[in-house]
Amino acid sequence: MMVIMKSGYSQEEMDQIIQRLDEVGLKGHQIVGVERTVIAVVGSIYPELGDELETMDGVASTVRISSPYKLAGRETKPEATVIKVGNVEIGSGKTVFMAGPCAVENEDQMMETAKAVKEAGAHVLRGGAFKPRTSPYSFRGLGVEGLRLLSQAGKATGMPVITEVMSVREVDVVAEYSDILQIGTRNAQNFMLLEEAGRTGKPVLLKRGLASQIEDWVLAAEYILNTGNPNVMLCERGIRTFETATRNTMDINAVALIKEISHLPLIADPSHGTGKWSLVKPVALASIVAGADGVIIEVHPNPDHALSDGAQSLNFKRFRELIEASRVIADAVDRPLWPAAAEAAPA
Ligand code: PEP
Ligand code: MN
């Protein structure tokens, strides 16, 4: 249910409504929009609730939310959510680039990559420290040392950083080092982890589960939003289908559909979506055209020697070419690139 507030309501009236909801075991999320402020009410709503709330001061009206997405849907909040990380705004109508290695391998690799992607025009630095690998015998990341190296490279180049958190146990330490918490595809429905990540208040990038339908995915985002953390972005990273010619099937439909149904920013991950470096550029460009607010790209100084995901990683030259091509396409669809980190925050 949505409580639509009168214009000119007072914060005291708002607090009283939220307190009343709390008393009856419901949760009210205040959503301040451009045109109106609403309270999205979640929980087991009973039939008389609307009438009860309409007697309270500050309330203009109440309406049922028909969509399953009580907090993520456009019904509750028509205007786009903009997430500010460092000097970068994600979801603002400008296209954002996140880039860096699949895994942090050592200080030189991380620092060299950070400098190269920043110079090319990236805005956010990525690098995995806790790596979910199919085999337990593959390189599983440097752990906390990886977080430290990523954070150091981010600071040295003036870019905010993003890294994956794989378990509830590591949420605090990842939140200490990282500006954005990434929830990977394998944990996309690990509801305890989603809630713990949400509670940090840090922006969360939620990847789509390998076999998640769009509804599964957006409902997973609801878990994070329901902790009171509004800073959630969704990431399409390809799904498992019958097709074996590519690592995953990048669902471009999902990019366009998410922008229709949800106000949350959508980030496209053509690296994991395709699994093949030569497909990263065309699919990144397609994602921008389909409405992505940003892309996340794996970049490595020497993809042949990468400890993970080398086949889908771009070298520095290819990343520069991708950014240059994206500039043209993003301008053409009127979502130009966010000003380069180099301009926004000198190192
Ligand atoms: C990654 O970003 O390196 C990663 C492991 O992603 P995903 O969870 O999409 O496989
Ligand atoms: Mn990877």
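Predicted model only: the values in this text are computed from it and were never measured. Start at 1 and go down the list; that is how both ligands and their atoms are numbered.
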Check: K207 N/O within less than 3.5 Å of ligand 1 N/O | yes
Polar proximity ligand 1 side, D309 side, N/O cut 3.5 Å exclusive | no
Non-hydrogen atom of G128 closer than 4.0 Å to ligand 1 | no
Which atom of D309 is nearest the Mn ion (ligand 2), counting N, O or S only? It is OD2
Y223, OH: over 12 other non-hydrogen atoms inside 6.0 angstrom | no
Pull out every atom of ligand 1 sitting under 4.0 Å from any heavy atom of E298, numbered as shown with elements.
-> 1 (C), 3 (O)
Residue and atom name of the nearest protein heavy atom (relative to atom 3 (O) of ligand 1), distance in Å to one decimal = K131 NZ, 2.8 Å
Could you tell me which atoms of ligand 1, counted from 1 in the order shown, lie closer than 4.0 angstrom to a heavy atom of G184?
-> 8 (O)
Please determine, by modelled atom types, if H123 and N87 share a side-chain donor-acceptor pair under 3.5 angstrom.
-> no
Should we count CE of M192 as having more than 12 external heavy atoms under 6.0 Å?
-> no
R199 atom CZ: more than 12 heavy-atom contacts under 6.0 Å | yes
Do the side-chain N and O atoms of D309 and Q312 include a donor-acceptor pair separated by under 3.5 angstrom?
-> yes
For E321, look at atom CD and say whether over 12 heavy atoms of other residues, nucleotides or ligands are found less than 6.0 Å away.
-> yes
In this structure, are over 12 heavy atoms from other groups packed under 6.0 Å from Q11 atom CD?
-> yes
Do we see a donor-acceptor contact under 3.5 Å between the side chains of E195 and T227?
-> no
Per-atom filter on ligand 1: closer than 4.0 angstrom to a heavy atom of R237 are 7 (P), 9 (O), 10 (O)
Heavy-atom pair with the smallest gap, counting every atom of I252 and S287 | CD1-OG, 3.7 Å
Report the nearest protein non-hydrogen atom to atom 8 (O) of ligand 1: residue, atom name, distance rounded to 0.1 Å.
-> T185 N, 2.8 Å
What's the shortest distance from atom 4 (C) of ligand 1 to any protein heavy atom, and which residue and atom give it?
-> H272 NE2, 3.4 Å
Which atoms of ligand 1 are found less than 4.0 Å from any heavy atom of R126?
-> 1 (C), 2 (O), 3 (O)
Worked check of side-chain hydrogen bond (donor to acceptor under 3.5 Å, both in side chains) between H305 and E105 | CA-CA 11 Å; H305 289 81; E105 297 172 2; over 6 Å; no
Nearest to the Mn ion (ligand 2) - the N/O/S atom of E298, by atom name = OE2
Could you say whether the N/O atoms of D269 and ligand 1 ever approach to under 3.5 Å?
-> no
Going by the atom numbers of ligand 1, which of them fall below 4.0 Å from some non-hydrogen atom of C102?
-> 3 (O)
Taking the Mn ion (ligand 2) as the vertex, how big is the angle to NE2 in H272 and SG in C102, rounded to 10°?
-> 180°
